[in-house]
Amino acid sequence: MNPYDIAASAVPLALGLLYLAGLYAVFSDCIPYARARLRQRKRLKGPAVRKETLPSWAQAPARLASASLGREVSARAALAVLAFMFLLALAVSSRSFESAASVIYSALFCALPLVILRLRREDIQSRGSREGIALVTELSRQYRMQNRNIYRALENAVSSDGEFPLCKRQIYMLLLRLRAASGSREIRLACEDFSYALGTVWGSMLSACIRISAEKGSDVSMGLSDIADQLKAANKRAEERKRLNSEASRMTMFLVPVLYIGTMALARGYLGISPAELARNQFTTAEGLMMFLIIVILFMFNGTLQRLISRTRLDL
């Protein structure tokens, strides 16, 4: 190839490269900003599209899993896991049962993880409800310190040393979703999921305060203080109920066995019945065995009832 032709081709190429280098030098400060805008727009667009394409009933398993596990769970992933479990159970049960029975058994097997997640959520909500005073007090303090900026208040509440570990997970998930929200609808959905995870009246009130501050920028410091005051009053009532329930629990756990042993001792001492005859009448006759089973069942029922009452949520 002729050297003059090579030089003639290289000159326009060099000029073009110099032109591109000049453009880069002029707009070099704008390129990272434009790249960040495009990346954030894509990130913000994703969750909104996914929420709009799925109905509310399809989001219920993911919502339950997120509240129970303390991490974000995709609705499509939750539905895929449930569908896989249903099909697997259907393939196994169809070999031994009829079609209708296999479908029923597969549906029950598919519902088992949902029941477990529901029980776990109830336990988390019961324990997390007692963290309300520490959470609301710390959030109210951070909200005033950060000049009524709810985002920075939530961020500092998560990184603080407050004694609310269960609620910290939900606050962290809420903060991520609020940061990624592109409009009032996404903010409202994030706050509704936060309220659903807490499962309390004070959680709904706190969620409403966060939504109003994040969406409209309104001052909600009085609302946070009012929630904290109501929680302190509710905690005093809960402590009084706990004291009364502890007395009833001690009566249930100790008085019933003592009375049963006392009746056996009275039968031996005053009626002159031997221990062997007492055991034979208690466990070999229909009347004695029925009475013993009734005592045991009522004892277990009262113990379970007392435990459920003592573990009720701290709420307004």
Side-chain angles (χ1 to χ4, degrees), residues 64-65 67-70 82 85-86 88-90 92-98 100-132 163 165-166 198-200 234-315:
L64 178 61
S68 303
L69 302 177
L82 292 178
M85 293 182 61
F86 178 81
L88 180 63
L90 185 63
V92 174
S93 61
S94 60
R95 298 180 179 179
S96 304
F97 303 100
E98 297 180 355
S102 61
V103 170
I104 294 175
Y105 291 142
S106 301
L108 293 176
F109 180 75
C110 182
L112 182 60
L114 298 179
V115 175
I116 295 175
L117 290 175
R118 178 61 182 270
L119 293 176
R120 176 177 172 81
R121 194 200 70 172
E122 292 294 331
D123 183 65
I124 291 175
Q125 288 179 348
S126 177
R127 290 184 288 130
S129 65
R130 289 162 175 77
E131 302 176 355
E163 297 180 355
L166 295 176
L198 294 180
T200 54
N235 187 51
K236 293 181 180 179
R237 295 193 298 268
E239 290 295 332
E240 180 65 20
R241 289 196 303 268
K242 184 178 179 180
R243 185 184 63 82
L244 296 176
N245 291 331
S246 64
E247 295 176 357
S249 299
R250 285 193 294 270
M251 292 177 61
T252 301
M253 299 303 297
F254 297 104
L255 187 60
V256 173
V258 168
L259 288 177
Y260 179 77
I261 296 174
T263 55
M264 296 296 104
L266 289 175
R268 175 72 178 90
Y270 289 92
L271 298 179
I273 303 176
S274 63
E277 189 177 357
L278 276 175
R280 184 171 58 254
N281 292 335
Q282 183 72 81
F283 299 106
T284 59
T285 62
E287 295 81 3
L289 184 60
M290 178 64 69
M291 183 63 65
F292 180 77
L293 291 177
I294 291 175
I295 293 174
V296 172
I297 292 173
L298 290 178
F299 175 74
M300 296 177 62
F301 175 77
N302 287 330
T304 303
L305 185 62
Q306 291 292 336
R307 182 174 178 84
L308 291 176
I309 293 175
S310 64
R311 296 186 64 182
T312 54
R313 302 175 190 174
L314 176 61
D315 209 348

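Any value given below was found using the heavy atoms of this structure, including those in side chains, with hydrogens, waters and symmetry copies removed.
Atom CZ of Phe254 and atom CG of Leu259 lie 13.5 Å apart (nearest 0.5 Å). Atoms CG and CG, from Leu166 and Leu198 in turn, are 10.0 Å apart once rounded to the nearest 0.5 Å. Atom CD of Glu98 and atom OH of Tyr105 lie 10.0 Å apart (nearest 0.5 Å). Put simply, CZ on Phe299 and CG on Leu255 are 10.5 Å apart, with the number rounded to the nearest 0.5 Å. To the nearest 0.5 angstrom, Leu119 atom CG is 11.0 Å from Leu114 atom CG. Taking CG of Leu90 as the reference point, atom CE of Met85 lies at 13.0 Å (rounded to 0.5 Å).
No donor-acceptor pair under 3.5 Å is formed between the side chain of Arg268 and the backbone N or O of Ser274. Listed for the Gln125 side chain is no donor-acceptor partner under 3.5 Å among the backbone atoms of Thr200. Ser106 places a side-chain N or O within donor-acceptor distance of the main-chain N or O of Ser102, the cut-off being under 3.5 Å. The backbone N or O of Ser126 lies less than 3.5 Å from a partner atom in the side chain of Ser129, making a donor-acceptor pair.
When all heavy atoms of Glu131 and Glu163 are compared, the pair lying nearest together is CG-O, 4.1 Å. When all heavy atoms are compared, the tightest approach of Asn281 to Thr284 is N-OG1, 4.1 Å. Considering every non-hydrogen atom in both Ala267 and Leu278, the closest pair reads CB-CD2, 3.9 Å. Gln282 approaches Gly288 most closely through the heavy-atom pair NE2-O, 2.6 Å.
When the shell of 6.0 Å around CZ of Phe283 is examined, it contains more than 12 heavy atoms from other residues, nucleotides or ligands. Enclosure of atom OH in Tyr260 by more than 12 non-hydrogen atoms of other residues, nucleotides or ligands within 6.0 angstrom is indicated.
Taking the side chain as every heavy atom from C-beta outward, Leu298 and Val256 never approach each other to under 4.5 Å. Counting heavy atoms from C-beta on, the side chains of Ser94 and Val103 never come closer than 4.5 Å. Residues Met291 and Ile295 form a side-chain contact, since some pair of their non-hydrogen atoms from C-beta on lies under 4.5 Å apart.
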Pair Ile116, Leu112 - check side-chain contact (heavy atoms from CB on, under 4.5 Å), show working. CA-CA 6 Å; Ile116 295 175; Leu112 182 60; 4.2 Å; yes
Could you walk me through whether Leu69 and Arg120 pass the side-chain contact (heavy atoms from CB on, under 4.5 Å) test, one step at a time? CA-CA 8 Å; Leu69 302 177; Arg120 176 177 172 81; 4.3 Å; yes
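For Phe109 and Phe86, the distance between ring centers is not under 6.0 angstrom.
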